[in-house]
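For reference, positions follow the sequence shown, starting with 1.
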Amino acid sequence: MKRAAITAMLLVAFSSLVSGQGEKPAPKLELRDVEGRVLRLSDYKGKVVLLNFWATWCAPCRAEMPDLVKWQREYKSQGLQVVGVTYPPVELAEVREFIKSIKVNYPVALGDERTKAMFDEGETLPVTAVIDKKGMIREVIRGIIFPEEFEQKVKPLLRQRTPGPSP
């Protein structure tokens with residue numbers, strides 16, 4: 001019985017390592033948004049953050065953005081904050097035109113390969129880091145974040161209590 005419990009615990013720990021999942025603190029991140037203002041990831045502590053890496057030339061990225069806009073609108077009052085990070089090459093005018101055309105209702109910052117590598121070193125776009133209210137990365141979703149994934153991986157985090165001040 002004891003051996004089975006230990007084996008089960010080791011399998012859970014190993015699968016967490018292999019999948020790259022598990023909690024780890026989000027890195028300090030300071031970027032400029034499309035208007036030139038400073039955007040800090042730490043400003044969103046106490047919120048569930050979907051940090052979405054995308055590019056104007058990426059068709060799947062463009063396809064998922066209407067859902068991100070919808071979720072930001074519907075769940076902002078529950079503590080959701082979507083933050084878009086563009087991926088090079090970036091034509092600022094093209095980014096501004098695109099986000100205006102689909103009425104993006106969340107901040108969009110200018111990123112680079114190094115910024116994305118803090119969360120995911122692969123070449124896949126879009127990539128969305130799910131960061132909980134404590135500032136811990138709970139999940140990195142490679143590819144489009146589908147409504148079912150949002151239901152399973154993000155909504156439960158919105159229901160969690162906001163952490164109080166540290167003693």
Side-chain angles (χ1 to χ4, degrees), residues 12-69 71-72 75 79-100 102 104-150 152-158 160 163:
V12 168
F14 180 73
S15 67
S16 168
L17 287 173
V18 169
S19 70
Q21 305 306 318
E23 291 185 29
K24 66 179 184 179
K28 291 184 179 185
L29 186 62
E30 186 174 297
L31 301 169
R32 295 268 174 200
D33 71 10
V34 294
E35 302 303 324
R37 297 177 296 239
V38 174
L39 182 146
R40 291 178 191 83
L41 190 54
S42 60
D43 291 343
Y44 301 109
K45 198 161 189 174
K47 295 185 179 291
V48 174
V49 176
L50 295 183
L51 190 65
N52 177 256
F53 292 89
W54 67 284
T56 56
W57 47 263
C58 167
C61 301
R62 294 169 78 117
E64 83 173 342
M65 290 180 83
D67 279 337
L68 296 172
V69 168
W71 295 330
Q72 177 63 43
Y75 296 98
L80 178 69
Q81 181 60 62
V82 178
V83 176
V85 180
T86 61
Y87 194 73
V90 175
E91 291 292 331
L92 189 53
E94 185 179 350
V95 171
R96 285 181 178 152
E97 182 180 315
F98 177 70
I99 62 177
K100 184 179 176 184
I102 65 164
V104 169
N105 57 354
Y106 53 85
V108 174
L110 305 174
D112 57 26
E113 290 89 353
R114 240 179 349 171
T115 309
K116 183 177 174 286
M118 291 178 184
F119 298 89
D120 178 68
E121 294 191 19
E123 295 297 318
T124 302
L125 280 179
V127 168
T128 302
V130 179
I131 303 168
D132 70 14
K133 294 177 180 182
K134 296 176 190 171
M136 303 296 284
I137 300 172
R138 298 293 292 268
E139 187 89 31
V140 175
I141 299 169
R142 291 161 188 89
I144 292 173
I145 179 171
F146 292 104
E148 298 80 19
E149 287 177 296
F150 183 84
Q152 295 170 356
K153 298 174 180 180
V154 179
K155 281 181 82 172
L157 299 175
L158 292 171
Q160 291 180 346

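- Although no hydrogens or angles enter the test, the distance criterion places a donor-acceptor pair under 3.5 Å between the side chain of Arg62 and the main chain of Thr56.
- Of the possible donor and acceptor atoms, one in the side chain of Lys116 sits under 3.5 Å from a partner among the backbone N and O of Gly122.
- A distance of 12.0 Å separates CD1 in Ile144 from OG1 in Thr124, rounded to the nearest 0.5 Å.
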Steps toward side chain to side chain contact (heavy atoms under 4.5 Å, CB included) verdict (Trp54, Val95): CA-CA 11 Å; Trp54 67 284; Val95 171; 4.2 Å; yes

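- To the nearest 0.5 angstrom, Arg138 atom CZ is 12.0 Å from Ile131 atom CD1.
- From Phe98, atom CZ reaches atom CH2 of Trp57 across 13.5 Å, with rounding to the nearest 0.5 Å.
- With contacts defined as side-chain heavy-atom distances shorter than 4.5 Å, the pair Leu68/Ile145 qualifies.
- The ring-ring contact (aromatic ring centres under 6.0 Å, His included) pairs that include a residue from residues 112-131 are Phe53-Phe119, where partners are two or more places apart or lie in different chains.
- Other residues, nucleotides and ligands place no more than 12 heavy atoms under 6.0 Å from the CD atom of Glu121.
- Scanning both residues, Glu64 and Pro126, for their nearest heavy atoms gives OE2-CB, 3.0 Å.
- Listed here is the closest heavy atom pair of Gly111 and Pro88: O-CD, 3.8 Å.
- The nearest pair of heavy atoms linking Lys47 to Gln81 is CD-CB, 3.9 Å.
- Remark: Glu94 pairs with no residue by the salt bridge (charged side-chain N to carboxylate O under 4.0 Å, His left out) rule, at least two apart or across chains.
- With sequence neighbours excluded, no residue forms a side chain to side chain donor-acceptor pair (under 3.5 Å) with Asn105.
- A donor-acceptor pair under 3.5 Å is absent between the side-chain atoms of Glu139 and the main chain of Val130, judged by distance alone.
- For Leu110 against Leu31, the heavy-atom pair with the smallest separation is O-CD2, 3.7 Å.
- A donor-acceptor pair under 3.5 Å links the side-chain atoms of Lys133 to the main chain of Leu158, judged by distance alone.
- For Ala55 against Cys61, the heavy-atom pair with the smallest separation is N-SG, 3.7 Å.
- Val38 has its side chain within reach of Arg32: a pair of non-hydrogen atoms, C-beta onward, lies under 4.5 Å apart.
- For the atom pair CG (Asn52) and CE (Met65), the distance works out to 6.5 Å, reported to the nearest 0.5 Å.
- Between Asp132 and Lys134 there is no salt bridge, since no side-chain nitrogen of the basic residue lies less than 4.0 Å from a carboxylate oxygen of the acidic one.
- Residues Val140 and Arg142 approach most closely at O-NH1, 3.4 Å, considering heavy atoms.
- Residues Glu30 and Ser42 are not in side-chain contact: their nearest non-hydrogen atoms beyond the backbone lie 4.5 Å or more apart.
- Interatomic distance, Asp120 CG to Leu51 CG, rounded to the nearest 0.5 Å: 11.5 Å.
- In the displayed structure, Glu123 atom CD is contacted under 6.0 Å by at most 12 heavy atoms of other residues, nucleotides or ligands.
- Within the 4.5 Å cutoff, side-chain heavy atoms of Leu39 are placed close to those of Tyr44.
- Atom CD of residue Glu149 and atom CG of residue Asp67 lie 11.0 Å apart, to the nearest 0.5 angstrom.
- Using a 4.5 Å cut-off on side-chain heavy atoms (C-beta onward), Val154 and Val48 make contact.
- Contact of the Ile141 side chain with the Phe150 side chain is not registered, since no non-hydrogen atoms from C-beta on lie closer than 4.5 Å.
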Steps toward side chain to side chain contact (heavy atoms under 4.5 Å, CB included) verdict (Ile99, Tyr106): CA-CA 10 Å; Ile99 62 177; Tyr106 53 85; over 6 Å; no

